[in-house]
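Remember, it's a predicted structure, so these values are computed and weren't measured experimentally. Chain letters run A, B, ... following the sequence lines, proteins first, then strands; residues in each count from 1. The basis for the numbers below is simple: all heavy atoms, side chains too, and nothing from hydrogens, waters or symmetry mates.
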Protein chains: 2
Amino acid sequence: MEHQSSARVTNDPSPAQRIATMLALLQDTLPVQKRLVHAGDIVCQVGQRFHSLYVVNSGLFKMVNLSDQGREQVVGLHFRGDWLGLDGIATGRYGCDAVAMDTGEVWVIPYATLLETSIRTPALLTALHQAMSRELARDHDSMLSLCTLPADARVAGFLRYWADNVSQRGQRCDQITLRMTRAEIGNYLGMTLETVSRALSRMARGDVIRFNEKGRRDIQIPQVEALTAFMQRAKGPTAAAALH
Amino acid sequence: MEHQSSARVTNDPSPAQRIATMLALLQDTLPVQKRLVHAGDIVCQVGQRFHSLYVVNSGLFKMVNLSDQGREQVVGLHFRGDWLGLDGIATGRYGCDAVAMDTGEVWVIPYATLLETSIRTPALLTALHQAMSRELARDHDSMLSLCTLPADARVAGFLRYWADNVSQRGQRCDQITLRMTRAEIGNYLGMTLETVSRALSRMARGDVIRFNEKGRRDIQIPQVEALTAFMQRAKGPTAAAALH
DNA sequence: CGGAGTCTTGATTGGGTTCAATAGGCGTGG
DNA sequence: CCACGCCTATTGAACCCAATCAAGACTCCG
């Protein structure tokens, strides 16, 4: 009796398919204003009044949380099809900076307009809810990594996450280009840039990854399974109290 | 508290007010089924088909993320007025276990029903969106803590978080009762139970908190500001690569 | 070329885990 | 009632992973 009842609560074509469909939907039903950005540009800023959500059409974005004492923390990375600014809905002000890490394009979606239009086109709501829900799940995975994995495994997990995102969007993933410095990666993963560097070196030494000549940001991943194996291997005795 | 104009997307009466209003709204517009739970009961389980969301009317709940290798991670705590099961919307299956940590009551909100009803009562959507958005912001704060604060400061931050939640819901917060073991707290904060214990002992020694005789889970907080001060003090040189 | 930013690698230190032992709270049953 | 076992919490001592400090090498660009 658990079979695929009434409305499609879930339909899962390929992720690439899902994203393309969603972007088409937005374009067809809303007057989307497009905004071109370059590396370093800030899409929306913490504290700013919340009016619009942003959907990534291309490029790569990081969400940066600023603590009261001025510490910055990268709390998320976003690719094509992701939504930005979601944490502004509750308080009426954005909770993070959204910073472009590369040339790209975001679509500006006024929240009020979205709500109005969604009465006629409920699929818009589904898209929004899925975006928020997916980000929640992703955040929970991040916490799991931060709390239970040692540094090497976290870095390996990060590469796999990146590769997954790239391949889900229909591109080859055996060859990825990190558009982040070691410092940014380290910040995101809760470790220092030196530790990131060492972890990558160890992986390269074990042939889990390969650096491209010229520029240590291009990384070949011969087989993604090797990354997973490396994670397990590195996952020895590490922190975080066990429950029960 | 920053006093602001009233006409806007978000209206913020006191948090207690907001929660009461939301619960009343749900009760008036939806056929809410109520479910009584006791400590240890599982409200919804990872992998289960997603149909309903749950709203906490009373009690305390933890969200537990199960990794593929069987490691469990507490990724969130939820009080009265919070929603459970939000991470199931995207995939059609719940992403976490929601476990009751005390006697309480949740209201079952079928997602499909919520969407239908929200056409007539848009405020329902606002409530849902705010709940999701608030959880996103909270998750980001957690990541900030996990990545940038040393153990002592994280524990202090946890107590302040708990006290804030309690006081926002209209109860006194100078006397809180943690309904979690040291192991659960440690798991949530990404450290071992011994470290939690030591941090609490240090705070007690500095008179930032006081243990109630009988049972080290009852904690007095003479002044919340002292907690904040303790956080700063403990926040010396700690991890997480700086950006720029 | 020179300088700034980035990355790698080594040596050392330290915060937090791990291991281990003790003590307190609480329910059960004699 | 106390004895017993179980769970939880505290505290100490030793160890270890990752941070810190410190060079040095590489890339890019004016």
Checklist entry - For Phe79(A), which residues count as a ring-ring contact (aromatic ring centres under 6.0 Å, His included) partner, sequence neighbours excluded? => result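 Here the qualifying residues are Trp162(A).
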Next on the checklist: Please enumerate all residues that pass ring-ring contact (aromatic ring centres under 6.0 Å, His included) together with Phe230(B), with sequence neighbours excluded.
Outcome noted: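 In terms of ring-ring contact (aromatic ring centres under 6.0 Å, His included), with neighbours along the sequence ignored, Phe230(B) is linked to no residue.
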Does [X] place a side-chain N or O at less than 4.0 Å from the phosphate oxygens OP1/OP2 of [N]?
X	N	result
Ser197(A)	dC7(C)	no
Ser201(A)	dT8(C)	no
Arg217(A)	dC7(C)	yes

Next on the checklist: How close do Ser133(B) and Gly88(A) get, counting heavy atoms only, and between which atoms?
Outcome noted: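 In this case the closest contact between Ser133(B) and Gly88(A) is OG-N, 3.8 Å.
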Item to check | Over all atoms of both residues, closest heavy-atom pair of Leu200(A) and Ile209(A) | outcome: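 For Leu200(A) and Ile209(A), the tightest heavy-atom pair comes out as O-CD1, 3.7 Å.
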Rounded distance (Å) that lies between atom [atom2] of [N] and atom [atom1] of [X]:
X	N	atom1	atom2	result
Met203(B)	dT11(D)	CE	P	13 Å
Ile185(A)	dT6(C)	CD1	C1'	12 Å
Leu178(A)	dT6(C)	CG	P	15 Å
Asp218(B)	dT8(D)	CG	C1'	14 Å
Arg233(B)	dG15(C)	CZ	P	16 Å
Leu200(A)	dT6(C)	CG	P	16 Å
Phe211(B)	dA9(D)	CZ	P	10 Å
Leu146(A)	dG16(C)	CG	P	15 Å

Checklist entry - Reading nucleotides 22-30 of chain D from the 5' end, what letters show protein touch, with B for base, S for backbone sugar-phosphate only, - for no heavy atom under 4.0 Å? => result ---------
Item to check | Pairing residues for Arg80(B) by the side chain to side chain donor-acceptor pair (under 3.5 Å) criterion, not counting sequence neighbours | outcome: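 Listed in chain order: Asn57(B).
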Checklist entry - Looking at residues at least two apart in the chain, or sitting in another chain, which of them share a side chain to side chain donor-acceptor pair (under 3.5 Å) with Arg216(A)? => result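 Partners of Arg216(A) under the side chain to side chain donor-acceptor pair (under 3.5 Å) test: none.
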Item to check | Under 3.5 Å donor-acceptor pair, Arg198(B) side-chain atoms to dG12(D) base atoms | outcome: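 Such a pair is found, so the answer is yes.
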Item to check | Selected nucleotide, minimal atom distance to Thr195(A) side chain, candidates dT6(C), dT10(D), dA18(D) | outcome: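 Given the options dT6(C), dT10(D), dA18(D), the side chain of Thr195(A) is closest to dA18(D).
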Checklist entry - Which of the following nucleotides, dT8(D), dT17(C), dC7(C), is nearest to the side chain of Arg182(A)? => result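 Between dT8(D), dT17(C), dC7(C), the one nearest the side chain of Arg182(A) would be dC7(C).
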Checklist entry - Using a cut-off of 4.0 Å on non-hydrogen atoms, how would the nucleic acid contact of Leu193(A) be classed: base, sugar-phosphate, or nothing? => result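 The answer is base, as Leu193(A) lies within the cut-off (heavy atoms under 4.0 Å) of a base atom.
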Next on the checklist: On the six-membered ring of Phe211(B), is Arg217(B) placed so that its NZ or CZ lies under 6.0 angstrom from the centre and within 45° of the ring axis?
Outcome noted: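 Verdict for Phe211(B): no cation-pi partner in Arg217(B).
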Next on the checklist: Check whether Tyr188(A) forms a cation-pi arrangement with Arg154(A) (NZ or CZ under 6.0 Å from the six-membered ring centre, at most 45° off the ring normal).
Outcome noted: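 Output no; distance or angle outside limits.
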Checklist entry - Which angle, rounded to 10°, do you find between the first-five-pair axis and the last-five-pair axis of the helix from dC1(C)-dG30(D) to dG30(C)-dC1(D)? => result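 One end axis against the other gives 30°.
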Checklist entry - Should the pair Tyr94(B) and Phe50(B) be assigned to parallel (<30°), tilted (30 to 60°) or perpendicular (>60°) ring geometry? => result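 Plane angle over 60°, so perpendicular.
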Checklist entry - Under the 3.5 angstrom rule, does the side chain of Ser67(A) hit a backbone N or O of Arg71(A) as a donor-acceptor pair? => result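 Judged by distance alone, yes, a pair lies under 3.5 Å.
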